[in-house]
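Throughout, residue positions are numbered sequentially from 1 according to the sequence presented.
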Amino acid sequence: QVELAESGGDLVQSGGSLRLSCAALGYDFSVYYMTWHRQAPGKQRELVAGITAGGSTTYADSVKGRFTISRDNLKNTIYLQMNSLKPDDTAVYHCNAVNLRDPLKEYWGQGTQVTVSS
């Protein structure tokens, strides 16, 4: 089982930056596909970014060029660097891990609140 611990959410003005962290406390971190999701009140949960063990990344169109996902396998941690933040980025951000060798094993972090003011 993987335990995910998220941090980094905060209040920030439009145009500011934040860096979110998600630490995985389980083992075999390298076999997991790691993603960041976000959900704002009244809106559907959205896949923000994903990263494979090999470092391949994917991003939602709404954050391309502004957000960067990275992975440190030695620290069992993924990050989401968020620049040029907009009010529309306001949401609860969740870390997710899926075991590619056993996709039924999926884990979610507790979530961290990001609020961007105008």
Side-chain angles (χ1 to χ4, degrees):
Q1 184 176 348
V2 173
E3 303 289 338
L4 302 176
E6 298 155 309
S7 62
D10 207 343
L11 299 172
V12 64
Q13 292 186 347
S14 180
S17 298
L18 288 172
R19 191 188 194 195
L20 306 183
S21 299
C22 175
L25 305 181
Y27 63 93
D28 286 340
F29 180 76
S30 63
V31 309
Y32 284 85
Y33 178 60
M34 306 295 297
T35 55
W36 285 99
H37 300 248
R38 67 185 181 185
Q39 186 166 17
K43 297 182 179 180
Q44 185 176 348
R45 185 173 62 197
E46 175 188 22
L47 172 64
V48 175
I51 186 167
T52 68
S56 298
T57 60
T58 185
Y59 297 94
D61 289 341
S62 59
V63 306
K64 286 182 179 178
R66 299 188 299 119
F67 290 11
T68 302
I69 188 171
S70 60
R71 181 170 188 158
D72 187 337
N73 288 340
L74 271 62
K75 295 182 178 180
N76 287 355
T77 301
I78 63 166
Y79 306 93
L80 185 67
Q81 178 65 47
M82 305 185 295
N83 299 325
S84 301
L85 283 163
K86 307 173 182 179
D88 285 347
D89 296 319
T90 296
V92 176
Y93 285 71
H94 294 268
C95 181
N96 174 269
V98 175
N99 189 328
L100 296 179
R101 297 177 182 177
D102 187 358
L104 293 179
K105 296 180 179 178
E106 182 179 15
Y107 307 94
W108 290 91
Q110 79 283 359
T112 184
Q113 177 71 49
V114 172
T115 302
V116 184
S117 62
S118 301

Considering non-hydrogen atoms only, spot the tightest contact between [X] and [Y] and give its length.
X    : Y    : value
T77  : S21  : CG2-CB, 4.5 Å
A49  : L80  : CB-CD1, 4.2 Å
Q113 : T115 : NE2-OG1, 3.3 Å
V114 : M82  : CG2-CE, 3.8 Å

Please report the interatomic distance [atom1]([X]) to [atom2]([Y]), rounded to the nearest 0.5 Å.
X   : Y    : atom1 : atom2 : result
T68 : Y79  : OG1   : OH    : 14.0 Å
Y33 : E106 : OH    : CD    : 12.0 Å
K43 : T90  : NZ    : OG1   : 8.5 Å

Cut-off 3.5 Å, no hydrogens considered: what does the side-chain donor-acceptor table look like for residues 8-20, sequence neighbours left out?
residue	atom	partner	partner atom	Å
S17	OG	N83	OD1	2.9

Can you list everything that forms a salt bridge (Lys or Arg N to Asp or Glu O under 4.0 Å) with E46? Sequence neighbours excluded, please.
R38
Student check: side-chain heavy atoms of W36 and F67 closer than 4.5 Å:
no
For the residue pair R71 and I78, establish whether any side-chain heavy-atom pair is separated by less than 4.5 Å.
yes
Which side-chain hydrogen bond (donor to acceptor under 3.5 Å, both in side chains) pairs, counting each pair once, include a residue from residues 49-60, with sequence neighbours left out?
none
Would you call the rings of W108 and H94 parallel, tilted or perpendicular if under 30° counts as parallel and over 60° as perpendicular?
perpendicular
Check the hydrophobic clustering (I, L, V, M, F, W, Y; side-chain heavy atoms under 4.5 Å; chains of links allowed) and say if Y107 and I69 are grouped together.
yes
Side-chain heavy atoms under 4.5 angstrom apart, residues restricted to Ile, Leu, Val, Met, Phe, Trp, Tyr: same cluster for L4 and V31?
yes
Run the salt-bridge test on K86 and D89 with the 4.0 Å N-O cut-off and return the result as yes or no.
no
So if I apply the side chain to side chain contact (heavy atoms under 4.5 Å, CB included) rule between C95 and each of M34, H37, Q110, which one comes out positive?
M34
